[in-house]
Amino acid sequence: MAFSVHVNMERCTGCGNCVIACPVDALELYTVDPATKEKIYAVKNGKSIHLDVKAELCAGCGVCVNACPYDVIRLSGKGARIPSEA
Ligand code: SF4
Ligand code: SF4
């Protein structure tokens with residue numbers, strides 16, 4: 001795996017900006033139904049439970065890092081485009 005995307009889920013609001021922004025659809029945001037344990041592709045109460053990163057798809061472009069309004073995504077890996085600190 002070339003790149004690693006880490007999301008601080010304590011601070012993620014589930015806004016979905018990163019999912020929309022990712023050019024290769026490597027991010028998946030969902031909640032889990034407490035009864036059926038099935039994935040629900042909608043955010044409940046503005047809060048996501050899971051943000052999955054399909055690392056095999058990730059191109060290390062850094063778009064998701066820039067797209068997150070709460071600055072909770074960190075990208076690492078050789079050649080990753082890590083945005084400079086603003
Ligand atoms: S770094 Fe780029 S390819 Fe990887 S998850 Fe973020 S937006 Fe998608
Ligand atoms: S853009 Fe940031 S706050 Fe919004 S879902 Fe992605 S990681 Fe969470």
Side-chain angles (χ1 to χ4, degrees):
M1 249 116 319
F3 305 108
S4 167
V5 177
H6 179 260
V7 181
N8 181 347
M9 293 311 290
E10 296 287 312
R11 290 173 52 213
C12 170
T13 66
C15 71
N17 278 15
C18 56
V19 177
I20 294 164
C22 177
V24 295
D25 285 338
L27 300 171
E28 184 182 37
L29 187 69
Y30 59 88
T31 56
V32 176
D33 187 294
T36 66
K37 306 295 182 203
E38 287 180 353
K39 292 180 181 179
I40 303 168
Y41 292 91
V43 175
K44 283 189 170 174
N45 305 320
K47 185 73 185 168
S48 70
I49 296 176
H50 295 286
L51 180 61
D52 273 4
V53 182
K54 295 168 200 146
E56 69 277 12
L57 294 179
C58 176
C61 66
V63 167
C64 56
V65 178
N66 283 326
C68 180
Y70 305 97
D71 193 28
V72 304
I73 306 179
R74 289 290 173 267
L75 177 66
S76 60
K78 196 165 186 283
R81 289 188 201 164
I82 301 167
S84 54
E85 296 292 325

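Just so it is clear, the structure is predicted and the values come from calculations on it, not from any experiment. All ligand and atom numbering here is 1-based and tracks the order in the structure.
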* To do: Check whether any side-chain heavy atom of S4 lies under 4.5 Å from a side-chain heavy atom of L75, and answer yes or no.
  => no
* Asked: Do you know the tightest heavy-atom contact between V63 and A21?
  -> CG1-O, 3.4 Å
* Which ligand 2 atoms, with their elements, are less than 4.0 angstrom from a heavy-atom of Y70? -> 3 (S)
* Report the nearest protein non-hydrogen atom to atom 3 (S) of ligand 1: residue, atom name, distance rounded to 0.1 Å. => A59 N, 3.2 Å
* Could you tell me whether V72 approaches ligand 2 through its side chain, its backbone, both or neither, with non-hydrogen atoms closer than 4.0 Å? => side chain
* Structure fact -> Taking every heavy atom of V72 against every heavy atom of R11, the minimum-distance pair comes out as CG1-CB, 3.5 Å
* Against heavy atoms of I73, which atoms of ligand 2 measure under 4.0 Å? -> 7 (S)
* **Residue pair C58, V24: steps toward the side-chain contact (heavy atoms from CB on, under 4.5 Å) verdict** => CA-CA 7 Å; C58 176; V24 295; 5.7 Å; no
* To do: Answer yes if Y30 and I20 sit in the same cluster of Ile, Leu, Val, Met, Phe, Trp and Tyr residues linked by side chain heavy atoms under 4.5 Å apart, and no otherwise.
  => no
* Asked: Numbering the atoms of ligand 2 from 1, which are under 4.0 Å from a heavy atom of G16?
  -> 4 (Fe), 5 (S)
* Start with the C-alpha gap between V53 and F3, add the side-chain angles, then the distance that decides, and say whether side-chain contact (heavy atoms from CB on, under 4.5 Å) holds. => CA-CA 10 Å; V53 182; F3 305 108; over 6 Å; no
* Can you tell me the protein heavy atom closest to atom 2 (Fe) of ligand 1 and the distance? -> C61 SG, 2.2 Å
* Structure fact -> among protein heavy atoms, the one nearest atom 1 (S) of ligand 1 is G62 N, 3.3 Å
* To do: Please work out whether any backbone atom (N, CA, C, O) or any side-chain heavy atom from C-beta onward of V19 is under 4.0 Å from ligand 2, and answer side chain, backbone, both or neither.
  => neither
* Closest non-hydrogen protein atom to atom 4 (Fe) of ligand 1, residue and atom name please, with distance? -> C58 SG, 2.4 Å
* Proximal ligand 2 atoms for P69, defined as those under 4.0 Å from one of its heavy atoms -> 1 (S)
* Can a non-hydrogen atom of V24 be found less than 4.0 Å from any atom of ligand 1? -> yes
* Structure fact -> So CG of N17 and SG of C22: to nearest 0.5 Å the spacing works out to 13.0 Å
* Let me see the working for E28 and L51 under side-chain contact (heavy atoms from CB on, under 4.5 Å), right down to the final yes or no. => CA-CA 6 Å; E28 184 182 37; L51 180 61; 6.0 Å; no
* Verify the distance test for C12 against atom 6 (Fe) of ligand 2: any N/O/S atom under 2.8 Å, yes or no. => no
* With heavy atoms under 4.0 Å as the rule, classify the contact between V7 and ligand 2 as side chain, backbone, both or neither. => side chain
* Asked: Any donor and acceptor pair, going by atom type alone, linking the side chain of R74 with main-chain N or O of V5 inside 3.5 Å?
  -> no
* Asked: Got the closest protein heavy atom to atom 8 (Fe) of ligand 1, with its distance?
  -> C22 SG, 2.3 Å
* To do: Answer side chain, backbone, both or neither: which part of P23 comes under 4.0 Å from ligand 1, heavy atoms only.
  => side chain
* Structure fact -> If we number the atoms of ligand 2 from 1 as shown, the ones under 4.0 Å from a heavy atom of C18 are 1 (S), 5 (S), 6 (Fe), 7 (S)
* Show your working on side-chain contact (heavy atoms from CB on, under 4.5 Å) between C18 and I73 and close with a plain yes or no. => CA-CA 9 Å; C18 56; I73 306 179; 3.6 Å; yes
* To do: Please find out if atom 6 (Fe) of ligand 1 and some N, O or S atom of C64 are separated by less than 2.8 Å.
  => yes
* To do: May I ask whether A21 places a heavy atom under 4.0 Å from ligand 1?
  => no
* What pair of heavy atoms forms the shortest contact from L57 to A26, and how long is it? -> CB-CB, 3.9 Å
